[in-house]
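Shown next, in structure tokens, is the structure this report addresses.
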Protein chains: 2
Amino acid sequence: MQRSMAILGTRWKPVIIYTLRDRKARFGQLDALIENISRKVLTSSLKELEEDGVILREEYRELPPRVEYSLTEKGKALIPIMCQLAKWNEAYYQEPVSTELIA
Amino acid sequence: MQRSMAILGTRWKPVIIYTLRDRKARFGQLDALIENISRKVLTSSLKELEEDGVILREEYRELPPRVEYSLTEKGKALIPIMCQLAKWNEAYYQEPVSTELIA
DNA sequence: TAAACTAGTTACCTTTGCGTAACTATTTTG
DNA sequence: CAAAATAGTTACGCAAAGGTAACTAGTTTA
């Protein structure tokens with residue numbers, strides 16, 4: 001469990017994986033699809049998830065450049081888990097104790 | 001998903017929930033069961049998870065004092081998810097890229 | 001020639017997460 | 001009287017996570 005958390009235990013990485021559950025996506029698409037994430041965190045999270053074998057980065061040497069991100073087999077194995085995590089909140093949602101805004 | 005991550009998106013909270021999947025536990029037990037966690041992070045994580053309705057804190061006014069932590073219904077709903085997350089690592093384990101030690 | 005598009009990078013800063021170690025309060029036990 | 005046990009708290013500090021804004025490079029389009 002601790003090793004899983006060493007890979008996934010941040011606010012944004014599970015959101016990125018969840019967003020890639022049913023599509024490949026380009027950098028700019030991820031930036032647009034995921035509300036509130038900054039490009040900087042997106043860049044570094046993608047890089048680390050690639051190093052950890054969860055996502056695949058494919059660079060097409062075209063003009064303008066195109067880079068597509070998708071889940072590896074290891075990453076795809078997380079899809080049902082991420083979906084359950086997303087549903088968990090919907091089922092048990094309560095107003096946050098601290099007034100912390102989340103879009 | 002972002003709301004789920006606002007509650008769970010840290011390295012230790014999922015580990016705490018996983019540890020409580022099949023038992024109530026006292027503070028000192030959790031401290032002993034979870035390798036490498038510090039008492040300080042344990043304290044603050046337990047407090048926040050209680051505020052978020054995931055765990056229940058029961059204080060028995062005895063001597064010496066006894067406090068038991070367990071999962072609420074909302075927390076119990078996470079048990080299968082946490083178990084799958086733990087298994088995910090075992091199935092897809094590879095040597096970490098960065099030499100980051102995890103017990 | 002200037003603007004737009006893509007996929008970032010860079011600099012700078014703030015906040016959160018986490019660690020270590022020492023300390024507290026209360027009562028029982030030796 | 002001192003030590004042990006329980007459940008923390010407190011002080012201090014470091015590193016990682018995260019945010020904002022400006023900038024880069026190469027090419028296509030107006």
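Computed from a prediction, not measured in an experiment: that's the story for all the values here. Chain letters run A, B, ... following the sequence lines, proteins first, then strands; residues in each count from 1.
- For the atom pair CG of B:L30 and CZ of B:R23, the computed distance is 8.5 Å after rounding to the nearest 0.5 Å.
- Distance, A:D31 CG to D:dG18 C1': 14 Å, rounded to whole Å.
- A:K13 pairs with exactly one of A:E51, A:E48, A:E50 by the salt bridge (charged side-chain N to carboxylate O under 4.0 Å, His left out) rule, that one being A:E48.
- Proximity note for B:K40 (side chain, C-beta onward) versus D:dG8, D:dT10, D:dG18: the nearest is D:dT10.
- One finds a side-chain N or O of B:Y69 lying less than 4.0 angstrom from the OP1 or OP2 phosphate oxygen of D:dG8.
- If you take CD1 of A:I34 and C1' of D:dG18, they are 14 Å apart, rounded to a whole angstrom.
- Between B:L42 atom CG and D:dA7 atom C1' the separation is 10 Å, expressed in whole Å.
- Distance alone, capped at 3.5 Å, places no donor-acceptor pair between the A:S45 side chain and the A:L42 backbone.
- Whole-Å rounding puts the A:E48 CD to D:dA15 C1' distance at 13 Å.
- Distance OH/A:Y69 to CD/A:E58: 11.0 Å, rounded to 0.5 Å.
- Atom-to-atom distance recorded for A:Y18:OH and A:M82:CE is 11.0 Å, nearest 0.5 angstrom.
- The listed nucleotides are C:dC18, D:dG19, D:dG8; the one nearest the side chain of B:F27 is D:dG8.
- Between D:dG19 and A:W12, a contact under 4.0 Å exists linking OP1 or OP2 to a side-chain N or O.
- Residue A:K13 is classed as having no contact, given no heavy-atom separation below 4.0 Å to the nucleic acid.
- Heavy-atom distances to DNA chain D give each of B:L46 and A:V41 a nearest nucleotide, and the one nearer the 5′ end belongs to B:L46.
- Residue B:R39 is in base contact, counting any heavy-atom pair closer than 4.0 Å across all strands shown.
- Closest to the side chain of B:T43, out of D:dG19, D:dA7, D:dT9, is D:dT9.
- Checking C:dT20, C:dG17, D:dG8 against the side-chain heavy atoms of B:R57 singles out D:dG8 as nearest.
- Going from atom NZ of B:K47 over to atom C1' of C:dG17 covers 15 Å, rounded to whole Å.
- Comparing atom distances between the A:P65 side chain and each of C:dG19, C:dT6, D:dG8 picks out C:dT6 as nearest.
- For B:R26, whose side chain is taken as the heavy atoms from C-beta onward, the closest listed nucleotide among C:dG8, D:dG13, D:dT6 is D:dT6.
- Residue-to-nucleotide proximity on DNA chain C shows that, of A:V67 and A:G9, the 5′-proximal contact is made by A:V67.
- As rounded to whole Å, 18 Å separates atom P of D:dA5 from atom CZ of B:R66.
- Between the CE atom of B:M5 and the P atom of D:dA17 there is a distance of 16 Å, rounded to whole Å.
- In this structure, B:R11 places its CZ atom 14 Å from C1' of C:dG19, rounding to the nearest Å.
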